[in-house]
There are 4 protein chains.
Amino acid sequence: MAHIKDVEVLNCEYGKNTIKFLRLHREGKKHFVKEVEVCTHLRLTSCHEYLDGNNSAVIPTDTIKNIVLVLAKKNGIATLEQFAIDICQHFMTTFCQVAYVKTYVQEVPWQRLHENGIPHIHSFICVPNGIRFCEAEQCRNGPLIVFAGIKDLKLMKTTQSGFEGFYKNEHTTLPERNDRILCGELFCKWSYGECKDFDFDCIWNKIRECILEAFAGPPDCGEYSPSYQKTVNSIQMHILSKVQVIEVVLNNTFYNVVDMKNLGLTNDKEVSKCSKHNLPGLSLKILSLKA
Amino acid sequence: MAHIKDVEVLNCEYGKNTIKFLRLHREGKKHFVKEVEVCTHLRLTSCHEYLDGNNSAVIPTDTIKNIVLVLAKKNGIATLEQFAIDICQHFMTTFCQVAYVKTYVQEVPWQRLHENGIPHIHSFICVPNGIRFCEAEQCRNGPLIVFAGIKDLKLMKTTQSGFEGFYKNEHTTLPERNDRILCGELFCKWSYGECKDFDFDCIWNKIRECILEAFAGPPDCGEYSPSYQKTVNSIQMHILSKVQVIEVVLNNTFYNVVDMKNLGLTNDKEVSKCSKHNLPGLSLKILSLKA
Amino acid sequence: MAHIKDVEVLNCEYGKNTIKFLRLHREGKKHFVKEVEVCTHLRLTSCHEYLDGNNSAVIPTDTIKNIVLVLAKKNGIATLEQFAIDICQHFMTTFCQVAYVKTYVQEVPWQRLHENGIPHIHSFICVPNGIRFCEAEQCRNGPLIVFAGIKDLKLMKTTQSGFEGFYKNEHTTLPERNDRILCGELFCKWSYGECKDFDFDCIWNKIRECILEAFAGPPDCGEYSPSYQKTVNSIQMHILSKVQVIEVVLNNTFYNVVDMKNLGLTNDKEVSKCSKHNLPGLSLKILSLKA
Amino acid sequence: MAHIKDVEVLNCEYGKNTIKFLRLHREGKKHFVKEVEVCTHLRLTSCHEYLDGNNSAVIPTDTIKNIVLVLAKKNGIATLEQFAIDICQHFMTTFCQVAYVKTYVQEVPWQRLHENGIPHIHSFICVPNGIRFCEAEQCRNGPLIVFAGIKDLKLMKTTQSGFEGFYKNEHTTLPERNDRILCGELFCKWSYGECKDFDFDCIWNKIRECILEAFAGPPDCGEYSPSYQKTVNSIQMHILSKVQVIEVVLNNTFYNVVDMKNLGLTNDKEVSKCSKHNLPGLSLKILSLKA
């Protein structure tokens with residue numbers, strides 16, 4: 001067994017995951033909802049609870065949860081990003097033993113119901129076509145950095161995608177293709193840099209549009225993608241005019257044209273199968289910076 | 001160990017689950033996709049494979065899969081329901097050893113992408129706000145029965161819901177409430193009875209609208225729900241004018257108003273928590289028939 | 001919209017799912033745990049809550065939960081089956097408006113930790129190699145029926161399994177095989193018939209052993225399985241000497257030998273791939289009765 | 001839209017996830033299985049596929065998969081760690097365009113079946129009580145580093161755990177407790193440093209034992225844990241005599257004693273409920289280094 005004095009603590013982070021709640025805001029009879037899932041993690045300036053069993057500096061995760069709920073009640077949730085900023089600032093200014101705080105906020109995608117085009121005053125439907133999230137983090141004496149992003153955004157184009165001219169050797173069995181289905185689940189996360197006075201909702205919506213446009217190309221003809229990498233590049237080039245750093249992860253799903261020759265049929269790419277059921281075949285992660 | 005002759009086989013059903021594929025249909029440069037997940041199950045007229053290890057009547061699940069793919073290639077998927085009917089009829093007419101066939105088809109909710117209101121010719125986004133499915137089944141010499149439905153439809157109303165006047169005894173701790181959040185995941189399945197010449201797409205869309213209207217009530221004021229049961233009743237009454245039998249399962253999620261008294265705050269139902277994270281608190285299943 | 005009087009209610013069942021709790025029992029310093037997940041569903045003698053919004057007969061699911069917890073506290077959980085019986089009997093004898101009650105109990109598979117062969121007095125490890133569950137149900141004036149079972153039991157044999165002599169036609173592409181991997185997830189549920197004085201723990205353990213023996217065959221040579229169906233038959237024959245009815249569901253996973261010819265290698269069935277990742281290829285459900 | 005020349009690529013990693021296969025090894029009639037899930041990720045020395053759509057340096061993920069399968073066939077899987085090392089070395093020595101390679105290998109926990117104590121020659125049962133994994137990574141011209149670990153290890157002790165003397169303020173509502181249930185899911189990952197001639201199987205088994213002992217304490221009395229942090233410390237101190245760096249993540253599940261006062265009962269900590277169903281309440285990550 002090692003001795004405490006021989007051990008260096010590199011990282012000691014803890015916090016509350018999945019603080020999930022709904023914040024209801026009323027304007028007259030009209031209701032607005034934000035249901036969120038919050039994770040708040042802390043690093044303390046010392047590790048006595050870990051090294052000596054002395055808990056005197058530890059803020060219980062139950063208290064962390066209470067603080068998040070109290071801030072939601074007092075401030076409301078104007079934007080996810082502002083709420084994450086509020087939480088970080090509260091911990092940094094209230095607790096001198098906090099060396100670092102990080103808060104992740106994710107939104108349940110409730111949309112207002114419409115009946116014959118008329119918005120309903122208090123009814124909502126869950127429409128998970130891309131989940132909005134944000135993150136704020138701060139080290140003591142450092143800037144408060146804000147990130148935002150979209151995840152679980154599933155897109156498909158049924159043509160204008162290929163993969164040719166790749167490296168080949170004796171282990172290569174993949175044929176070259178210039179007309180395949182491109183289908184993937186996108187995760188995009190960008191940094192706003194130091195927290196300033198952004199219109200977070202407006203930028204988020206514009207970036208979501210950019211992603212769709214860059215993925216799909218013009219509506220009447222699309223745009224040829226020579227690789228997943230180039231598609232990610234196209235998405236990033238569209239977005240990097242708006243933000244500083246962007247990370248895109250594309251977990252793609254391969255669709256293979258079913259060979260129907262032994263069933264006596266010619267399959268003109270009409271019937272395809274996912275080669276992996278719900279599991280990504282390729283994982284591609286690119287982090288780029290506006291120079 | 002029991003003897004074979006002492007044993008009666010009550011049910012012996014087998015089949016292929018999760019035959020998942022994408023059927024691409026092209027009209028000029030415009031692409032249409034149906035990605036589906038099919039399960040086809042069979043009962044044979046005898047059980048020799050089970051009782052004696054004699055496989056001569058067994059249609060391998062690999063063959064079942066091939067047939068489903070071939071039918072998709074040859075017929076296309078005009079509607080989910082027609083495709084399920086095609087599959088059942090194929091098995092019933094091709095294999096005299098099939099006593100019963102059941103086919104379930106579920107659709108991956110791809111929607112065409114739009115850019116500034118213009119539909120894209122070959123790009124799609126996955127929007128899972130209610131999954132469409134259908135089922136067809138047939139016994140030899142019996143009618144072909146068609147079911148359709150919607151599942152994973154998450155709805156919420158933030159007022160106009162209560163639960164009062166229920167049965168009470170010494171184990172009752174639930175308070176009466178006349179203004180609570182109603183939130184649930186709906187599963188609705190209805191029968192078209194014997195297969196006739198229905199416009200399946202049109203009816204499905206109308207029933208989906210009915211469900212939303214019955215759940216939410218008028219857009220300007222909603223409609224008070226005195227229980228989950230009455231809400232399901234309201235949904236069923238709206239739909240039973242269109243179909244014969246309907247089953248509704250409501251797995252609701254409870255939202256409890258967070259008590260903030262010990263935190264020095266009055267919570268006017270603004271901050272609520274799911275009492276169970278992603279787990280249904282109540283399961284309600286009602287099957288009704290148009291008399 | 002249909003009228004209430006035109007509608008017949010075929011089934012109206014509700015209840016509380018996932019009442020999950022841990023019951024700690026102490027004998028001196030030695031601790032015993034049963035962590036269970038309980039679902040209790042009811043049918044009432046009338047449907048006024050559904051038809052008229054009159055809740056006076058409705059036992060809230062919150063009360064159902066309280067009763068389950070109170071019974072656990074008062075009676076303990078001697079066996080899962082006895083606990084399910086207790087719950088059913090409580091509802092039937094306490095509430096005259098209950099027409100039918102069903103209770104499902106499932107156990108979290110905690111096992112006592114051992115250090116160098118010595119059992120620990122209060123530490124446990126979760127070992128999910130087959131989940132034990134039971135079910136009890138009763139209609140008013142009917143017998144109380146008890147079921148028990150095991151689920152999520154994953155088994156594999158790497159030889160002594162084949163599938164030959166099956167039905168073939170133009171859609172058959174599956175080759176005959178006499179040496180394949182058999183791998184599946186078993187669900188077995190049996191009925192004890194009317195509730196009598198059984199040693200539920202002892203029988204459950206014996207049946208689990210029977211299943212393993214019937215699946216695997218003798219340890220030194222195994223036993224050839226000509227089909228999944230015959231393997232299920234073998235399992236059922238072993239068990240039907242002990243119980244009256246048994247249902248077995250086998251969701252198998254196919255392992256295909258990887259073709260390495262185009263990579264210049266001969267694969268002597270050494271490298272195989274699941275054809276479906278975590279998704280069952282074949283689903284087989286057989287319900288048999290001791291005649 | 002940004003210009004390519006204005007963009008700096010910080011990270012561009014891609015690879016194949018979930019290469020899942022089974023390697024069968026035979027010694028006479030006795031069979032040995034290793035079913036693994038492999039992820040292999042690469043960084044290339046340039047990003048032309050991303051920047052210019054030039055794929056000439058890209059090794060397709062399909063080729064990555066082939067290589068992993070070929071190495072499994074040729075070398076077998078003596079230990080997970082050796083297999084991960086083989087894969088990294090293959091990519092580093094074969095492809096000069098690879099700047100970095102990382103391979104993760106995780107094992108499906110098949111255990112040999114025993115009948116009356118006799119090991120079966122070819123039958124196995126899946127026993128997921130802690131999943132073994134390893135990772136190997138290498139930068140060009142850098143050392144090959146090997147990690148190993150265990151995950152999804154669920155442990156519980158029903159006493160000898162408390163949490164007192166923590167920091168309190170107006171948002172604190174958590175009571176102090178000196179006898180609570182401690183239950184969590186452990187993830188432990190350690191580094192062997194540069195790859196040397198370790199007996200990976202032996203060390204892994206010893207470390208697993210250490211973890212159980214440190215968590216549970218002596219079998220006849222246990223050992224008091226004043227916090228999750230101190231329990232993690234205890235685990236790390238036991239292990240850091242054997243390896244250099246260790247990261248432990250404890251996602252704990254809170255069990256709250258059910259208040260039964262309003263049901264007229266005194267609950268002597270006999271009935272507890274998970275406060276979150278299957279969701280970790282607290283996440284604790286500590287990374288320590290042997291100085």
Side-chain angles (χ1 to χ4, degrees), chain A residues 1-2 4 6-18 41 49-51 53-63 66-67 70 97 163-167 169 171-174 226-227 229-230 232-233 236-238 240-241 276 279-291, chain D residues 1-2 4 6-18 41 49-51 53-63 66-67 70 97 163-167 169 171-174 226-227 229-230 232-233 236-238 240-241 276 279-291:
Chain A
M1 198 163 140
I4 287 282
D6 299 333
V7 168
E8 186 185 351
V9 179
L10 299 180
N11 185 13
C12 183
E13 187 177 315
Y14 79 105
K16 190 80 175 179
N17 288 337
T18 60
H41 281 223
E49 74 283 7
Y50 168 73
L51 296 169
N54 176 343
N55 298 328
S56 62
V58 178
I59 304 158
T61 56
D62 186 73
T63 304
N66 285 341
I67 289 169
V70 165
Q97 72 266 45
F163 188 50
E164 298 178 291
F166 45 79
Y167 189 89
N169 72 0
H171 293 124
T172 309
T173 55
L174 185 76
S227 66
Q229 285 84 345
K230 198 75 189 73
V232 168
N233 175 266
Q236 292 190 329
M237 290 301 120
H238 273 73
L240 276 173
S241 56
K276 303 273 160 55
L279 280 180
L282 170 139
S283 179
L284 174 64
K285 175 178 171 177
I286 299 180
L287 178 65
S288 290
L289 176 72
K290 191 159 59 183
Chain D
M1 198 162 139
I4 287 282
D6 300 332
V7 168
E8 186 186 350
V9 179
L10 300 180
N11 185 15
C12 183
E13 187 177 313
Y14 78 104
K16 190 81 175 179
N17 289 336
T18 60
H41 281 223
E49 73 284 7
Y50 168 74
L51 297 169
N54 175 343
N55 298 327
S56 62
V58 178
I59 304 159
T61 56
D62 187 73
T63 305
N66 285 341
I67 289 169
V70 164
Q97 72 266 46
F163 188 48
E164 297 177 291
F166 45 78
Y167 188 89
N169 71 359
H171 292 124
T172 308
T173 54
L174 186 75
S227 67
Q229 285 84 343
K230 197 77 189 73
V232 168
N233 174 267
Q236 293 191 328
M237 288 303 119
H238 271 74
L240 276 173
S241 56
K276 302 274 160 53
L279 281 180
L282 170 140
S283 179
L284 174 65
K285 177 178 170 176
I286 299 181
L287 178 64
S288 291
L289 177 70
K290 190 158 59 182

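Only heavy atoms go into these numbers, but all of them, side chains included; no hydrogens, no water, no symmetry mates. Values in this document were obtained by computation on a predicted structure and should not be read as measured data. Throughout, a chain's letter reflects where its sequence line sits, starting with A, and its residues are numbered from 1.
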- Check the pair A:N66 / D:T172 against side-chain hydrogen bond (donor to acceptor under 3.5 Å, both in side chains), numbers first and verdict last. CA-CA 8 Å; A:N66 285 341; D:T172 308; over 6 Å; no

- Task: Using a cut-off of under 4.5 Å on heavy-atom pairs, state which of D:C12, D:S56, D:S241 scores highest against chain A.
- Result: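 When all of D:C12, D:S56, D:S241 are compared, D:S56 has the most.
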
- Just checking, is any N or O donor in the side chain of D:Y50 or A:S288 under 3.5 Å from an acceptor N or O on the other one? yes

- Message: Under 3.5 Å, is there a donor on one side chain and an acceptor on the other for D:S227 and A:E49?
- Response: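 Checked: D:S227/A:E49 side chains show no N/O donor-acceptor pair below 3.5 Å.
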
- Query: For D:N54, is it the side chain, the backbone, both, or neither that has a heavy atom closer than 4.5 Å to a heavy atom of chain A?
  - Reply: neither

- Query: Using non-hydrogen atoms only, which part of D:V70 is less than 4.5 Å away from chain A: side chain, backbone, both, or neither?
  - Reply: side chain

- Note on the structure: When the 4.5 angstrom heavy-atom criterion is applied to A:E164 and chain D, the contacting part is backbone

- Residue A:V232 versus chain D: region with a heavy atom under 4.5 Å: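 Contact with chain D is through both the backbone and side chain of A:V232.
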
- Query: How many angstroms lie between CD1 in A:I59 and CD in A:Q97, if you round to the nearest 0.5 Å?
  - Reply: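 One gets 4.5 Å once the value is rounded to the nearest 0.5 Å.
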
- Message: For a quick test of reading the model, state the closest non-hydrogen atom pair linking D:T61 to D:Y14 and the distance between them.
- Response: CG2-CD1, 4.1 Å

